[in-house]
Amino acid sequence: MKYQYFPGCSLKGTGRAYEESFLAVFKALGVEISELEDWNCCGATAYMSVDETKSYALAGRNLAIAERAAEDVIAPCSACYLVLNKTMQGLKDHPELKRKVTSALKAGELDYKGTAKVRHPLDVLVNDVGLEEIKKRVKNPLTGLKLAPYYGCQVVRPFATFDDQHNPVTMDKLIATAGAECVTWPLKTRCCGGSLTGTVPEAGLRLAYIILKEAKKRGAQAIVTPCPLCQFNLDGYQDQIARKYERIDMPVLYFTQVIGLAMGLSAKELGIKRGIISAEAALAGR
Amino acid sequence: MTENKPKQENLPRVGFYICHCGTNIAGVIDPAEVQKYAAGLPGVAVSRDYKYMCSDPGQEMIAEDIRKHKLERLVVAACSPLLHEETFRKAAAKGGLNPFYFQMVNIREHASWVHTDKKAATEKAKDLVRAAITRVRYHQALDKKRVPVDPNVLVVGGGIAGIHAALTLANAGKKVTLVEREATIGGHMALFDKTFPTLDCAACILTPKMSAVKAHPNITLWTYSEVEKVEGYVGNYKVMVKRKPRYVIEDLCVGCMECIDACVFKEPKFHDKFNQGLGKRKPVYIDFPQATPKVVLVDPETCIQLKTGKCKKTCADVCDRKAFDFEQKAEMKEIQVGAIVLATGFKAHDAKRDPQYGYGKYPGVYTALEIERLVNASGPTSGEVVLRDGRHPKEVGIVHCVGSRDAKTNKWCSRVCCMYSLKLAHLIKEHSGAEVYNFYIDMRAPGKAYEEFYDKLLSEGVHFIRGRVAEVNDWAMTPEEEGRLIVRVEDTLAGFVRRIPVDMLVLSTGLEPQADAQEVRRRFNIGCGTEGFFQERHPKLAPVNTFTDGIYIAGACQAPRDIPDTVAQAGAAAAEALALIDAGFVELEPNTSHVIEEECCGCKSCLPLCPYSAITFEEVKKKAVINEVLCKGCGVCAAACPSGSIRQNLFEDDEIFSEIQGVLAK
Amino acid sequence: MTEKFEPKIVAFFCNWCTYTAADLAGVSRLKYAPNVRVIRVMCSGRVDPQFVLEAFARGADGVLLGGCHPGDCHYAEGNYKTLRRMRMLERMLKDMGIYDGRFRLEWISGAEGDKVRTVINDMTEKVRKLGPLDLPGKFKEWDKEIEELEAQVSKSAAKEETVHAR
Amino acid sequence: MPLEQKIKYENDCDKEFAKWVSSQTGGENLRHCIQCGVCSATCPLSLYMDYTPRRLINLAREGFKKEVLSSFTIWLCASCYACRVECPKEIQVTDIMYLLKRKAIEEGVFPRRFPIPVLAREFSRMIFMFGRVNETLLVTDLFLRTNWFKFLSMTGLGLNLIRTGRLSVLPDSIKRRGELRKVLEAIESDEKKEAAK
Amino acid sequence: MPDKPKVAFYWCASCGGCEEAVVDLAEDILKVVEAVDIVLWPVAMDFKRSDIEARPDKSIVACFINGAVRTTEQEEWVRLLRRKSQVVISFGACANSGGIPALANQSTKEGILKYVYEDCPGLDNPNKTRPQLKCEDEGRTLTLPELHGMVRSLDQVIDVEYYLPGCPPTPKLIMAAVLALLTGKLPPVGTVLSPDIALCEECKRKDSKPADLALTEFKRPHQVQIDPEKCLLAQGLVCMGPATRGGCEALCPGGNMPCTGCFGPTSRVKDQGAKFVSSVFSNIAPKEVKEIDAVLDGIPDPIGTFYRYGLSKCLLRRKLN
């Protein structure tokens with residue numbers, strides 16, 4: 001198994017632990033990962049608010065580079081995953097837009113055909129690698145640990161086909177495979193606040209707070225997420241949430257960290273210490 | 001045949017007419033220009049344009065011209081031949097011309113209504129007219145064949161539509177076979193407690209009709225049966241019906257139900273389909289006390305005797321009429337009928353397809369049909385509104401449009417949900433005293449006394465919140481919300497989002513085509529619309545007819561509709577069937593094929609192509625022969641005869657080739 | 001040619017499905033390109049490949065064939081016969097240099113008025129892009145090489161001309 | 001509270017704006033809205049909005065351009081796509097929010113209290129320069145440009161990020177910056193050409 | 001012997017088989033020779049074009065022309081003969097419908113010349129010399145006839161009274177035609193002088209044809225052991241018999257080979273290939289596109305198979321470029 005890897009800006013920055021744990025887990029599973037050559041920012045949600053065509057071209061450049069190889073592209077960041085898929089869909093649905101974008105890409109000697117396939121690591125782990133394969137490598141089952149699977153929005157909405165949009169379950173299955181207990185709750189896909197935590201904190205913080213509070217109420221010892229922005233919002237703003245609402249002290253892990261731990265990888269390899277709210281107590285106390 | 005072949009100098013005299021259809025055609029196509037153009041084409045003796053060709057004066061004009069100008073062929077450019085071909089054939093006949101010396105040009109549905117460029121549409125009309133005038137020269141004089149109609153009728157589906165149609169036909173003296181898939185007739189209506197807007201009890205109005213069906217000397221009632229195969233054509237259908245085994249001899253059982261008491265299972269413990277799973281039943285059961293026929297049946301999935309052959313058979317022992325027969329097998333019956341009424345009904349939308357409403361996840365969420373049983377005096381709780389956990393709900397929400405008006409499930413409005421939701425709101429409030437919230441998108445109450453019923457509910461203090469519910473879950477924000485179902489909805493009239501905690505949530509599921517509607521329509525050779533309901537012949541003018549003559553549709557198999565409309569439609573379908581039967585015969589379109597014996601080489605290429613086995617091989621002469629009574633006129637054999645020795649009336653090679661040439665000649 | 005090329009498309013529509021769908025498109029007042037001339041047949045299975053060739057030979061730029069969806073034939077299986085023949089015909093047309101969607105077989109049920117519009121618009125645009133096929137014109141062009149001599153011959157000895165049937 | 005007149009006259013609305021919205025990528029189904037409000041109900045941020053998404057859709061479709069472009073609603077959309085998934089008429093609400101944001105920035109009518117347009121512009125500037133985004137620099141820049149006070153309140157978070165090694169101070173960059181610029185400039189010149197037409 | 005009717009034979013683009021067929025009349029040929037005066041027969045006798053040109057118009061009673069028209073010379077000759085003859089009989093498949101030579105209508109003239117003089121393997125023509133229409137040699141001008149752009153049937157160039165079908169026509173049909181001419185018992189102009197019913201009528205294998213072929217694959221004759229009794233179509237072989245005019249008494253099926261259609265279609269059919277396709281492919285078994293295509297793959301050269309003798313008469317006339 002071989003994939004191209006589109007890190008996106010977050011996994012090189014605040015989401016460093018995601019990259020570390022993602023690469024470590026895939027390596028341990030024997031999956032070959034090569035970073036997409038000279039990738040650029042996907043444009044995220046912000047660029048779409050400035051210039052539509054350019055935002056398509058921005059993502060288009062990455063896709064054009066990806067098309068040079070045959071392997072599927074893995075985009076672990078939800079925003080990147082959404083933007084790249086949205087770009088493919090948009091260019092497919094709107095021929096005029098496609099004409100503009102492809103001709104602009106030509107100016108940079110890039111050839112866009114629309115043949116790339118952008119996948120999320122959840123999809124790859126469950127559907128390509130397979131839960132059985134992962135289960136075989138679980139050396140250190142996380143028995144007794146109660147985890148709240150939190151998908152956030154853009155992994156499942158609106159383009160993902162690998163999971164249910166209302167009640168996604170791929171991460172639940174991975175958590176179960178890791179031996180931990182999965183908290184059932186209805187806020188799995190509710191928005192964490194996105195970039196509003198920074199721009200309009202009075203709105204953004206409340207959203208993050210709601211999620212943290214409900215997870216705690218349902219007995220979760222940690223929240224597990226596949227999205228660097230969700231992780232950042234839920235983990236990074238807990239001090240401010242404490243000031244405004246109440247202190248929750250809920251560690252927020254990446255699902256790759258959870259699987260990695262179960263597979264016996266070290267906390268260091270997996271970047272566990274990069275969490276602002278320490279997960280050590282939760283992990284030790286189980 | 002050559003004498004009809006026009007030689008260039010001696011073309012038959014054609015009369016050409018173009019219809020304005022008010023402005024329907026003339027608004028886009030210039031009839032005068034087309035008329036002038038046609039007048040200049042070879043063989044055209046008369047060319048006219050007229051406001052409404054299909055009107056009496058229009059037809060009279062044609063007949064008059066035929067006589068006066070000795071016309072030998074007729075071409076009318078107007079609407080679709082599917083609408084008015086017959087009209088103008090009759091006009092031709094009135095003028096003394098064989099009606100098949102006529103060709104119709106469709107310049108309304110296929111041109112003026114679908115094009116905006118007037119010039120291009122007029123040019124298209126000219127091309128089509130030229131093609132018809134070229135083609136009509138090759139037409140032959142033909143006769144329609146008359147075939148007698150079998151006076152018996154098959155009604156498929158024993159819901160209120162099928163029951164009403166069967167009774168109407170039987171009362172008119174026709175022999176009717178009513179086939180129902182379930183063990184009892186009654187359909188969805190038998191599940192209901194009350195009916196809107198009058199709130200009369202469904203059982204009180206339905207069960208007398210059910211017994212009337214059973215007692216009627218002209219009706220043969222076959223429940224637990226399905227139509228397997230349909231052959232033949234209008235007036236002469238041959239139908240195979242499969243009668244599934246009940247393991248109880250229907251004629252012997254008197255419905256005393258002592259066997260149910262005697263069953264080795266002391267308590268009912270199996271899923272009770274009739275009660276939507278809210279109750280339980282035994283392997284030997286009867287759906288409900290008024291089931292018709294009142295005959296028990298045995299479920300082979302759960303009966304120990306049928307599963308293992310090792311039961312004490314206490315049920316059979318207690319039956320003094322020895323009605324049990326565990327060896328019973330499915331039985332195939334063949335019947336001959338002239339007409340068929342399809343009243344196969346609908347299927348309720350599966351609420352699990354809308355996971356945001358939590359059906360199947362939260363026990364407090366119910367479908368409307370479940371509530372129908374719950375509020376029903378003869379239902380599993382004897383009409384007590386009680387939650388699955390035994391609590392009595394204090395607040396109840398009713399979500400409209402579940403599986404309706406939604407691109408993700410069904411796009412259509414299911415038409416009855418608003419009204420039945422009002423009815424359920426009333427019944428729940430009446431039975432339990434709970435606060436009831438109706439969440440609706442638009443309130444649709446367009447029937448007689450429906451708006452008044454809405455008024456009544458408003459005055460009863462039921463809450464009406466205009467908004468489509470986004471989600472239902474158990475995520476509590478406040479202490480009051482703890483342990484309850486939270487409905488999140490925008491109160492669109494207030495302009496903000498509300499969270500409303502309830503104990504019970506009712507999903508007003510929409511009406512969908514039956515799961516096997518596609519199979520059924522294929523079996524009966526009729527069409528379905530894109531949404532999957534059976535397709536009527538014309539949405540306004542032939543709502544119970546189908547594109548297959550002699551097959552009629554009634555009730556919710558055609559589209560969602562309420563009981564009054566269903567009954568009216570069932571009556572209409574019965575009337576259409578009666579009109580067919582009482583005419584005594586049908587005229588068949590003479591578009592059949594025939595083999596020219598001296599041209600046939602006997603290669604048999606045509607034989608397997610005919611789906612009606614109308615082509616046989618004459619072993620002495622070694623030639624193919626077509627039985628024109630069996631031939632339905634598709635023309636596949638004519639297209640495939642490798643030596644061109646099969647002709648199809650009305651669609652001869654010469655006719656089609658000349659039409660191609662005519663359309664393209666400039 | 002300064003004028004925009006307007007393709008001529010001949011269509012053979014089954015009475016029970018595509019023809020009805022075209023009627024439905026009319027009743028629904030859907031608007032589509034005026035380039036198609038419909039010839040009604042009772043079943044797409046009546047369409048002889050000869051008709052398709054004849055239409056091209058007489059000047060059609062495209063030929064459209066509309067039948068019931070597989071499994072939905074009004075005459076049980078006529079459309080399968082159509083499909084089989086037309087798959088072969090398509091290969092032959094390709095070998096004779098007619099391809100790229102000039103010939104098209106579509107399944108359109110009586111309820112799919114909208115599909116009639118989409119298919120006709122789409123085909124009209126595609127054929128427009130291909131440009132004229134104009135076989136009658138090409139036939140004339142090809143026969144120029146024998147017309148010259150014919151003219152010479154008839155000039156030199158054009159006295160008592162007997163008419164012969166071909 | 002002063003009395004305010006709420007009546008609207010037809011010349012208060014701009015039908016061309018409505019047409020423009022429904023002609024944009026994502027705006028196609030605008031006119032299909034049946035005002036069911038499921039978008040508002042599912043929206044995690046509708047509670048802060050001056051107009052719920054449903055109302056905004058109706059305002060846009062009726063051409064109330066001023067109300068739409070100056071509304072908080074479009075700036076509060078976090079692009080979670082819940083509305084788009086729930087909408088029974090397949091209206092691409094999120095994309096409509098995007099196109100309204102673009103229009104508001106273009107016309108400079110967005111409410112000053114939201115720094116999102118500044119963030120978006122800074123974001124695109126950074127991409128044009130480096131091809132990638134450094135979140136830290138972006139956020140710092142943003143607060144320096146908009147709200148000093150808020151920046152101070154964020155320092156706690158900054159320290160935490162430094163502690164956990166998640167803060168990069170140096171901008172990351174792609175190798176072939178020229179290639180990306182060519183692409184982006186090609187679009188600009190294409191757009192200029194079109195505008196000239 | 002001044003009163004014997006004058007008869008001419010001519011050949012255009014043909015293989016010579018039609019000439020053989022005349023010779024195959026065996027002793028009957030003597031009767032013919034006795035009854036008529038042959039004024040032109042290039043394969044057997046020495047006449048010059050000037051001899052014919054010198055004849056008065058319509059002085060030849062009947063002219064039998066075989067072969068398709070491919071070159072300017074052939075065109076000149078057939079026009080000349082038309083002028084000089086009362087009745088022209090199109091003789092054999094090539095004259096009737098282009099025959100094998102007409103398969104060249106799948107290529108262009110340039111394509112043919114290029115292949116033959118430049119690209120053909122084993123060719124030794126480094127200068128890529130092509131034959132010239134005109135050249136000067138020692139003061140003399142030599143000319144060659146020019147190739148036409150396409151191959152035509154005889155009746156696409158001149159009017160024709162009758163047709164004798166076949167590759168070649170059988171002696172029996174030729175004799176019948178000659179007798180009809182001599183006795184003046186002529187059918188209406190335009191008639192094909194052979195029964196207007198398809199070949200199966202005459203085929204000995206007819207009774208073995210099953211009602212439903214339901215073919216699942218097509219085979220070529222060299223790929224199978226052919227059953228000498230059974231219908232060839234039923235054996236998965238492309239036998240054009242059902243779509244081909246009879247009159248040959250099913251010679252090929254009798255010789256254990258499928259009919260390839262040389263007699264052309266019946267009078268009711270305009271395009272033999274299309275009609276055959278309509279018939280045979282309606283009767284194959286599969287319903288799914290993929291499976292249908294797999295069956296069709298058994299016929300690698302549809303044009304060469306269904307128009308082996310008749311591409312000139314295909315409604316499309318030639319391949320477009």
Side-chain angles (χ1 to χ4, degrees), chain A residues 9-10 12-17 38-41 43-54 57-58 60-61 82 90 94 97 100-101 103-110 153-154 157-158 165 189-191 193-196 198-204 207 236-237 239-240 273-276, chain D residues 24-25 44-45 47-48 75-76 78-82 84-85 94 98-99 101-102 105 114-117 119-121 123-124 126-127 131-136 139 142 150 153-154 156-157 160-161 163-168 172 174-176 178-188 190-191:
Chain A
C9 307
S10 291
K12 294 290 179 190
T14 52
R16 214 159 273 178
D38 207 37
W39 58 271
N40 58 264
C41 172
T45 51
Y47 214 106
M48 196 43 102
S49 319
V50 182
D51 188 313
E52 184 188 28
T53 323
K54 277 191 196 165
L58 211 52
R61 179 177 178 269
L82 173 118
H94 305 281
L97 189 66
K100 278 189 199 165
V101 170
S103 79
L105 288 170
K106 283 248 161 64
E109 277 158 38
L110 291 152
C153 48
Q154 299 188 340
R157 286 192 301 252
Q165 295 191 335
T189 64
R190 200 184 146 86
C191 177
S195 58
L196 293 175
T199 52
V200 192
E202 58 270 51
L207 298 189
Y237 286 97
D239 280 353
Q240 291 181 55
K273 283 209 165 152
R274 295 201 191 270
I276 289 166
Chain D
Q24 294 298 296
T25 317
L45 285 139
L47 72 162
Y48 293 110
W75 303 110
L76 283 166
S79 311
C80 80
Y81 290 89
R84 165 164 165 168
V85 167
T94 315
Y98 275 131
L99 69 93
K101 280 186 231 187
R102 287 198 297 273
I105 292 177
F114 295 122
I116 296 131
L119 170 82
R121 235 178 295 162
F123 190 89
S124 52
M126 206 177 259
I127 288 176
R132 291 184 192 168
V133 171
N134 180 310
E135 298 154 302
T136 322
V139 172
L142 169 72
K150 245 192 238 168
S153 78
M154 296 296 253
L157 174 58
N160 273 332
L161 291 173
R163 173 173 65 79
T164 52
R166 291 163 69 171
L167 206 68
S168 318
D172 196 3
I174 62 169
K175 282 183 286 184
R176 296 191 298 277
E179 177 184 297
L180 180 64
R181 276 182 207 179
K182 268 188 207 153
V183 172
L184 296 175
E185 278 161 2
I187 286 177
E188 265 170 38
D190 192 69
E191 273 165 5

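Each chain gets a letter, A, B and so on, in the order the sequences are listed, and its residues count up from 1.
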Visitor: Tell me, do D:V133 and A:S10 make a side-chain contact under 4.5 Å, heavy atoms counted?
Guide: no

Visitor: Which atom names give the shortest non-hydrogen contact between D:M126 and D:N134, and what distance separates them?
Guide: SD-N, 3.6 Å

Visitor: For A:I276, which atoms come within 4.5 Å of any heavy atom of chain D: side chain, backbone, both, or neither?
Guide: both

Visitor: Under the salt bridge (charged side-chain N to carboxylate O under 4.0 Å, His left out) criterion, do A:K12 and D:D172 qualify, and how do the steps go?
Guide: CA-CA 9 Å; A:K12 294 290 179 190; D:D172 196 3; over 6 Å; no

Visitor: By a 4.5 Å heavy-atom criterion (distance strictly below it), what part of A:D38 contacts chain D: side chain, backbone, both, or neither?
Guide: both

Visitor: Can you measure from CZ (D:F123) to SG (A:C9) and round to the nearest 0.5 angstrom?
Guide: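 One finds 6.0 Å between CZ of D:F123 and SG of A:C9.
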
Visitor: Look at A:C191, A:G15, A:S49, A:G236 and state which one has the largest set of heavy-atom pairs under 4.5 Å with chain D.
Guide: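 Max contact count across the listed options: A:S49.
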
Visitor: Quick check on side chain to side chain contact (heavy atoms under 4.5 Å, CB included): which of A:N40, A:L58, A:V50 does D:I127 satisfy it with?
Guide: A:L58

Visitor: Less than 4.5 Å to any heavy atom of chain D: does that hold for the side chain of A:Q165, its backbone, both, or neither?
Guide: side chain

Visitor: Contact part of A:L105 toward chain D, heavy-atom cut-off under 4.5 Å: side chain, backbone, both or neither?
Guide: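 Answer is both: backbone and side chain atoms of A:L105 are under 4.5 Å from chain D.
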
Visitor: Minimum heavy-atom separation for D:W75 to D:I105, with atom names?
Guide: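 It is CH2-CG1, 3.7 Å.
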
Visitor: Would you find a donor on one side and an acceptor on the other, under 3.5 Å apart, between the side chain of D:R166 and the backbone of D:N160?
Guide: no

Visitor: For the CG atom of A:L207 and the OH atom of D:Y48, what is their distance to the nearest 0.5 Å?
Guide: 6.5 Å

Visitor: Measuring heavy-atom distances to chain A, does D:E185 have an atom under 4.5 Å in its side chain, in its backbone, in both, or in neither?
Guide: neither

Visitor: Heavy atoms only, distances under 4.5 angstrom: which of A:G204, A:A203, A:G90 has the most pairs with chain D? Name it, please.
Guide: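 Of the candidates given, the most pairs with chain D belong to A:A203.
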
Visitor: Taking every non-hydrogen pair under 4.5 Å, which of A:H94, A:R61, A:Q154, A:K273 racks up the most with chain D?
Guide: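 So the answer, after comparing A:H94, A:R61, A:Q154, A:K273, is A:R61.
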
Visitor: Can you tell me which of A:G43, A:A46, A:A104 forms the most heavy-atom pairs within a distance under 4.5 Å of chain D?
Guide: A:A104

Visitor: Could you look at D:L184 and say if it's the side chain, the backbone, both or neither that has a heavy atom under 4.5 Å from chain A?
Guide: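 Backbone plus side chain of D:L184, per the 4.5 Å heavy-atom cut-off to chain A.
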
Visitor: I'd like to know which of A:D239, A:L97, A:D51 tops the heavy-atom pair count under 4.5 Å against chain D.
Guide: A:D51

Visitor: Examine whether an atom of A:R190 lies under 4.5 Å from a heavy atom of chain D, and if so say whether it belongs to the side chain, the backbone or both; otherwise answer neither.
Guide: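 The side chain, not the backbone.
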
Visitor: For chain A, find which of D:K101, D:R102, D:E188, D:E179 contributes the most heavy-atom pairs closer than 4.5 angstrom.
Guide: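 Answer, by heavy-atom pair count under 4.5 Å with chain A: D:R102.
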
Visitor: Rounded to the nearest 0.5 Å, what's the gap from SG on D:C80 to CG on D:L45? Could you check?
Guide: 7.5 Å

Visitor: Side chain, backbone, both or neither: which part of D:I174 has an atom under 4.5 Å from a heavy atom of chain A?
Guide: both

Visitor: Between D:K182, D:K175, D:R176, who has the most heavy-atom pairs with chain A when the cutoff is under 4.5 Å?
Guide: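 Counting heavy-atom pairs under 4.5 Å, the top option is D:R176.
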
Visitor: Less than 4.5 Å to any heavy atom of chain A: does that hold for the side chain of D:L47, its backbone, both, or neither?
Guide: side chain

Visitor: Given heavy-atom pairs under 4.5 angstrom as the criterion, report whether the side chain, backbone, both or neither of A:K54 touches chain D.
Guide: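 A:K54 touches chain D through backbone and side-chain heavy atoms alike.
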
Visitor: Within the 4.5 Å heavy-atom criterion, are A:Y47 and A:C41 side-chain neighbours or not?
Guide: no

Visitor: In terms of heavy-atom pairs under 4.5 Å with chain D, which of A:S103, A:A57, A:A17, A:G108 leads?
Guide: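 Between A:S103, A:A57, A:A17, A:G108, the count favours A:G108.
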
Visitor: Could you look at D:D190 and say if it's the side chain, the backbone, both or neither that has a heavy atom under 4.5 Å from chain A?
Guide: side chain

Visitor: Where on D:R163 is there a heavy atom nearer than 4.5 Å to chain A: the side chain, the backbone, both, or neither?
Guide: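 Side chain only.
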
Visitor: With a 4.5 angstrom heavy-atom cut-off, which part of A:T189 approaches chain D: side chain, backbone, both or neither?
Guide: neither

Visitor: Verify, without hydrogens or angle tests, whether A:R274 (side chain) and A:R16 (backbone) share a donor-acceptor contact under 3.5 angstrom.
Guide: no

Visitor: Side chain from CB out, backbone as N, CA, C, O: work out which of these in D:R121 comes under 4.5 Å of a heavy atom of chain A, or both, or neither.
Guide: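 Contact with chain A involves the backbone of D:R121 alone.
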
Visitor: Could you tell me whether the side chain of A:Y237 and the main chain of A:P201 form a donor-acceptor pair under 3.5 Å?
Guide: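 It does not hold such a pair.
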
